[in-house]
Undergrad: 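Okay, handing you the structure first.
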Amino acid sequence: QVQMVESGGDSVQAGGSLRLSCAASGYTYNTYCMGWFRQAPGKEREAVASFYIGVGATAYADLAKGRFAMSRDTAKKILYLQMNSLQPEDTAMYYCAAALLRMGYCPLTARSYDYWGQGTQVTVSS
């Protein structure tokens, strides 16, 4: 019943920017975790950032600090990921995930999340 809807992936040149969006529907809780993850061919899925819905707390992986930023449109129930200064190594499938957790924070670990979007491809060329 939980459904993730993603969009925004595209092909850009190095130094460019993209804004990904994700909406999670089907949750009946005021607070839950959402996260952005990515996976490049031949590599493990890695965390990008997490957002504690209903609280506003955020966490960023080192790869995202200083370049990526999340924002939440509460009215539209959309979580955005603004990606600036994109580099070829950012090329990957980007996934949005959600989970109901009781940890008090939203972890940057893929195994903690239950529901996943279909992924949106980000390709950065040099």
Side-chain angles (χ1 to χ4, degrees):
Q1 293 181 343
V2 176
Q3 182 174 310
M4 316 295 294
V5 180
E6 301 167 305
S7 63
D10 206 349
S11 297
V12 299
Q13 293 185 341
S17 299
L18 286 173
R19 191 185 196 188
L20 308 182
S21 63
C22 175
S25 61
Y27 273 103
T28 59
Y29 303 94
N30 293 325
T31 59
Y32 56 95
C33 288
M34 293 185 67
W36 287 100
F37 299 82
R38 71 185 191 184
Q39 187 167 23
K43 299 183 64 177
E44 294 185 345
R45 188 165 299 186
E46 62 181 349
V48 177
S50 68
F51 196 111
Y52 200 171
I53 304 298
V55 176
T58 61
Y60 292 90
D62 289 341
L63 64 92
K65 294 178 180 177
R67 296 193 300 133
F68 299 174
M70 292 180 294
S71 61
R72 170 74 169 176
D73 188 327
T74 303
K76 296 181 179 179
K77 299 182 179 180
I78 298 174
L79 179 66
Y80 297 98
L81 178 65
Q82 178 68 43
M83 304 189 295
N84 299 322
S85 301
L86 286 166
Q87 303 171 6
E89 51 264 41
D90 295 316
T91 296
M93 286 288 294
Y94 283 71
Y95 299 90
C96 182
L100 177 63
L101 301 172
R102 298 180 175 88
M103 303 174 66
Y105 67 97
C106 295
L108 293 171
T109 52
R111 59 182 174 84
S112 298
Y113 292 81
D114 300 313
Y115 304 100
W116 295 82
Q118 79 288 346
T120 184
Q121 179 67 41
V122 172
T123 301
V124 185
S125 62
S126 60

Undergrad: With rounding to the nearest 0.5 angstrom, report the CD1 to SG distance, I53 to C33.
TA: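 Going from CD1 on I53 over to SG on C33, the span is 8.5 Å.
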Undergrad: Within the supplied structure, the quantity of interest is the number of heavy atoms (other residues, nucleotides, ligands) at a distance under 6.0 Å from E89 CD; does it exceed 12?
TA: yes
Undergrad: Distance check, rounded to the nearest 0.5 Å: E6 atom CD versus Q121 atom CD?
TA: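 If I round to the nearest 0.5 Å, the distance is 12.0 Å.
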Undergrad: Please work out whether the ring planes of W116 and Y95 are parallel, tilted or perpendicular, with thresholds of 30° and 60°.
TA: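 Rings of W116 and Y95: perpendicular, over 60°.
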Undergrad: Looking at every non-hydrogen atom in both residues, tell me the closest pair between Y60 and A49 and how far apart they are.
TA: CD2-CB, 3.7 Å
Undergrad: For the hydrophobic clusters of this structure (ILVMFWY residues joined by side-chain heavy atoms under 4.5 Å, transitively), does one cluster hold both Y29 and F51?
TA: yes
Undergrad: When rounded to the nearest 0.5 angstrom, what is the spacing between CZ in R45 and OG1 in T109?
TA: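 So the CZ of R45 and the OG1 of T109 are separated by 12.5 Å.
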Undergrad: Between CG of D90 and CG of N84, what distance do you get to the nearest 0.5 Å?
TA: 11.0 Å
Undergrad: To the nearest 0.5 Å, how far apart are CZ in F68 and CG in L86?
TA: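 Taking CZ in F68 and CG in L86, the distance rounds to 5.5 Å.
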Undergrad: Applying the side chain to side chain contact (heavy atoms under 4.5 Å, CB included) criterion to R38, which one of L63, T120, V122, T91 satisfies it?
TA: L63
Undergrad: Apply side-chain contact (heavy atoms from CB on, under 4.5 Å) to residues C22 and M70 and explain how you reach the verdict.
TA: CA-CA 11 Å; C22 175; M70 292 180 294; over 6 Å; no
Undergrad: Considering non-hydrogen atoms only, spot the tightest contact between A99 and Y32 and give its length.
TA: O-CB, 3.5 Å
Undergrad: Please name the pair of heavy atoms, one in L81 and one in Y94, separated by the smallest distance, quoted to 0.1 Å.
TA: CD2-CD2, 4.5 Å
Undergrad: Just do the side-chain contact (heavy atoms from CB on, under 4.5 Å) check on S50 and Y113 with the steps written out, would you?
TA: CA-CA 11 Å; S50 68; Y113 292 81; 3.6 Å; yes
Undergrad: To the nearest 0.5 Å, what is the distance between CD (Q82) and OG (S71)?
TA: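 Here the interatomic distance stands at 8.0 Å.
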Undergrad: Is V48 reachable from L20 through a run of I, L, V, M, F, W or Y residues, each pair having side-chain heavy atoms under 4.5 Å apart?
TA: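 Yes; tracing contacts between hydrophobic side chains, which count when under 4.5 Å, links both residues.
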Undergrad: What heavy-atom pair brings R72 and L79 nearest, and what distance separates the two atoms?
TA: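 Scanning both residues completely, I find the closest heavy atoms to be NH1-N, 3.9 Å.
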Undergrad: Surrounding CD of Q13 (heavy atoms of other residues, nucleotides or ligands, distance under 6.0 Å), is the total greater than 12?
TA: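 12 or below, so no.
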Undergrad: Might you work through the side-chain contact (heavy atoms from CB on, under 4.5 Å) test for C96 and W36, ending with a clear yes or no?
TA: CA-CA 5 Å; C96 182; W36 287 100; 4.1 Å; yes
Undergrad: Tell me the closest heavy-atom pair linking P88 and A14, and the distance in Å.
TA: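 Taking P88 first and A14 second, the nearest heavy atoms are CD-CB, 4.2 Å.
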Undergrad: Can M34 be reached from V55 by stepping across I, L, V, M, F, W or Y side chains whose heavy atoms are under 4.5 Å apart?
TA: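 Result: no, two separate clusters.
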Undergrad: Does a sphere of radius 6.0 Å around CD in E44 hold more than 12 heavy atoms from other residues, nucleotides or ligands, not counting ones at 6.0 Å or beyond?
TA: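 For E44, atom CD is not crowded (no more than 12 foreign heavy atoms under 6.0 Å).
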Undergrad: Taking atom OH of Y115 as the centre, report whether more than 12 heavy atoms of other residues, nucleotides or ligands fall under 6.0 Å from it.
TA: no
Undergrad: According to a hydrophobic-cluster definition based on side-chain heavy atoms being under 4.5 Å apart (Ile, Leu, Val, Met, Phe, Trp, Tyr only), do M93 and M4 belong together?
TA: no
Undergrad: Specify the closest pair of heavy atoms between S17 and S85, including all atoms of both residues, with the distance to one decimal.
TA: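 Smallest heavy-atom distance, with atoms named: OG-N, 4.3 Å.
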